Amino acid sequence: MRAALAARSRGAALAVVGVVALLVLAAGVGLFEDSSGPTDPSAGTQGSSPGPAPGSELGEAGESGEDPARRAPNPPPAVGEGIFGRNRTLVAYYGAAGTGALGVLGEGPPNREIGRLEKAARAFERPDRPVQIVYELIVTVADVTPGPDGDYSHDVPRRDVERYLRAARRHDAMLLLDIQPGRASFPEVAQRWEWALKDPRVGLALDPEWRMARGAVPGRVIGSVDAAEVNQTSLWLANLVRRERLPQKLFVLHQFRTSMIERIDRVAVRRRLATVQHVDGFGTEQQKMATYDAVLRPQRFHPGFKLFYDEDIGLMSPARVLKVRPRVRFVSYQ
């Protein structure tokens with residue numbers, strides 16, 4: 001059984017990785033202990049935020065040409081409710097600011113793309129399953145050249161992130177910061193975005209495909225990360241939530257091969273974070289489901305699923321995705 005695990009298109013700067021065979025080697029097992037405090041062993045019962053009040057949001061102004069009356073189907077989670085409270089389903093558009101080469105989100109300004117995103121989200125809404133819209137914005141982009149820091153990645157301008165943050169606040173959306181660190185570590189890169197992550201509606205996504213070992217170049221190999229580095233990142237983020245008295249924060253791990261997150265069973269599940277294992281394989285429905293079944297650890301994480309407008313062969317409908325088991329809680333379009 002083979003699943004389509006070709007690397008996704010990242011624009012002209014990145015080479016296209018060929019289709020590779022799905023690896024189904026089980027990840028290492030065991031318990032990981034650190035200073036994070038209580039963890040939740042069940043993905044279905046991750047706790048709500050202990051913070052009694054949200055942190056301050058950044059910025060106020062909207063953009064010209066936007067409709068002030070337009071609103072998302074539902075507001076983002078309230079303090080104490082938890083990301084997946086009220087049986088919520090998250091629906092996201094993924095991409096980079098100013099370019100459609102890296103995903104649908106960048107095909108237009110955030111206030112213009114909101115209509116398409118809201119329409120996509122409504123198709124997943126059911127009477128007992130409200131939806132929450134999400135901008136998933138790539139904020140650190142992997143590069144094929146080392147750059148001045150030698151880490152084979154670069155951060156997008158702060159003003160671009162602020163633009164999406166203003167749009168997220170205006171349209172009751174969440175903003176998910178996606179990082180492709182190159183040869184830098186995830187904790188190192190995540191901390192550069194602390195200013196944005198202090199906002200209660202901003203979450204963090206790690207993309208191990210673009211986490212390179214020494215000597216590796218993005219686009220030429222598929223990267224990976226060890227559980228220890230994931231745990232260092234999540235511990236820092238959970239401590240930020242605690243210190244800033246924020247509501248529970250979205251924390252997403254992208255994956256389409258078992259080898260991309262080494263020792264995944266040692267990844268800590270923290271009550272201040274809603275941890276999603278986002279399965280990113282593309283191809284036919286049969287191939288996508290083979291990847292989903294091989295990679296997913298639903299006992300530990302909230303299931304995530306990606307739909308590719310261009311790469312999927314026969315785009316799965318929202319009705320079909322809603323029938324997937326284990327149930328998908330976070331859906332993104334690229």
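Quick caveat: nothing in here was measured; it's all calculated off a predicted structure. For the numbers below, each heavy atom of this structure counts, side chains included, while hydrogens, waters and symmetry mates do not.
- Panel note: side chain Arg297, backbone Val295; a donor-acceptor pair is recorded below 3.5 Å.
- Partners of Glu107 according to the side chain to side chain donor-acceptor pair (under 3.5 Å) rule, which considers only residues two or more places apart in sequence or in another chain, are Arg116.
- A heavy-atom distance below 4.5 Å is found between the side chains of Tyr292 and Val328.
- Ring pair Phe305/Phe330: centre-to-centre distance not below 6.0 Å.
- Across every non-hydrogen atom of Ala190 and Leu197, the tightest pair is O-CD1, 4.0 Å.
- Under a 3.5 Å cut-off, the side chain of Arg329 and the backbone N or O of Leu90 do not form any donor-acceptor pair.
- At a threshold of 4.5 Å between non-hydrogen side-chain atoms, the residues Leu206 and Val225 do not count as touching.
- Between the OH atom in Tyr93 and the CG atom in Leu105 there is a gap of 9.5 Å [rounded to 0.5 Å].
- Atom CZ of Arg325 sits about 10.5 Å away from atom CE of Met289, to the nearest 0.5 Å.
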Using the side chain to side chain contact (heavy atoms under 4.5 Å, CB included) rule, take Arg257 and Ile222 through it: C-alpha gap first, then chi angles, then the decisive distance, then the call.
CA-CA 9 Å; Arg257 297 175 64 173; Ile222 295 173; 3.5 Å; yes

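- For the side chain to side chain contact (heavy atoms under 4.5 Å, CB included) with Lys249, the qualifying choice from Thr275, Leu273, Leu176 is Leu273, the only one to do so.
- Taking every heavy atom of both residues into account, Gly182 and Ser153 meet most closely at N-CB, 4.0 Å.
- With a 4.5 Å cut-off on side-chain heavy atoms, Glu194 and Leu240 count as touching.
- Each of Gln277, Glu209, Glu136 was scored for a side-chain hydrogen bond (donor to acceptor under 3.5 Å, both in side chains) with His254, with one residue passing: Glu136.
- Although no hydrogens or angles enter the test, the distance criterion places a donor-acceptor pair under 3.5 Å between the side chain of Arg211 and the main chain of Ala184.
- For Ser224, the side chain to side chain donor-acceptor pair (under 3.5 Å) partners are Glu262, not counting sequence neighbours.
- Scanning for side chain to side chain donor-acceptor pair (under 3.5 Å) contacts around Tyr135 gives an empty result, with sequence neighbours left out.
- Note that CZ of Arg272 and CG of Asn239 are 7.5 Å apart. Values are rounded to the nearest 0.5 Å.
- Between the side chains of Thr140 and His154, no donor N or O sits under 3.5 Å from an acceptor N or O.
- Taking hydrophobic clusters as Ile, Leu, Val, Met, Phe, Trp and Tyr residues chained together by side-chain heavy-atom distances below 4.5 Å, Ile313 does not share a cluster with Val279.
- Expressed to the nearest 0.5 Å, how far CD1 of Ile179 lies from CH2 of Trp193 amounts to 10.0 Å.
- Here the shortest heavy-atom pairing between Leu175 and Ala168 reads CB-CB, 4.3 Å.
- Although no hydrogens or angles enter the test, the distance criterion places no donor-acceptor pair under 3.5 Å between the side chain of Asp143 and the main chain of Tyr152.
- With sequence neighbours left out, the side chain to side chain donor-acceptor pair (under 3.5 Å) criterion links Asp312 to Lys288.
- Annotation: cation-pi pair Lys306/Tyr94 present, NZ/CZ under 6.0 Å from the ring centroid and within 45° of its normal.
- Ring orientation note: the planes of Phe84 and His302 are tilted relative to one another, at an angle of 30° to 60°.
- Applying the salt bridge (charged side-chain N to carboxylate O under 4.0 Å, His left out) rule to Arg327 yields no partners; only residues at least two apart in sequence or on another chain are considered.
- Scanning all heavy atoms of the two residues, the minimum distance from Gln255 to Ile264 falls at OE1-CD1, 3.4 Å.
- Residues meeting the side-chain contact (heavy atoms from CB on, under 4.5 Å) test with Ala96, sequence neighbours left out: Thr99, Leu102, Ile138.
- Using modelled atom types, no side-chain atom of Glu244 and backbone atom of Lys198 make a donor-acceptor pair closer than 3.5 Å.
- Using a 4.5 Å cut-off on side-chain heavy atoms (C-beta onward), Val331 and Val321 make contact.
- To the nearest 0.5 Å, atom CH2 of residue Trp236 and atom CZ of residue Phe186 are 13.5 Å apart.
- Looking at Leu165 and Asp199, their side chains come closer than 4.5 Å, going by heavy atoms from C-beta outward.
- Of the possible polar contacts, one joining the Arg270 side chain to the Asn231 backbone as a donor-acceptor pair under 3.5 Å is found.
- With hydrogens and angles disregarded, a donor-acceptor distance shorter than 3.5 Å links the side chain of Gln132 to the backbone of Asp172.
- Nearest heavy-atom pair, Ala123 versus Leu322, reported as atom, atom and distance to 0.1 Å: O-CD1, 4.4 Å.
- Remark: the backbone N or O of Arg129 is not paired with any side-chain donor or acceptor of Arg88 at under 3.5 angstrom.
- With a 4.5 Å cut-off on side-chain heavy atoms, Phe251 and Val230 count as touching.
- The closest donor-acceptor contact from the side chain of Asp149 to the backbone of Asp151 lies at 3.5 Å or more, if one exists at all.
- Annotation for Thr258 and Ala294: closest pair CG2-O, 3.7 Å, computed over non-hydrogen atoms.
- With hydrogens and angles ignored, the 3.5 Å screen pairs no side-chain donor or acceptor of Gln180 with any backbone N or O of Val141.
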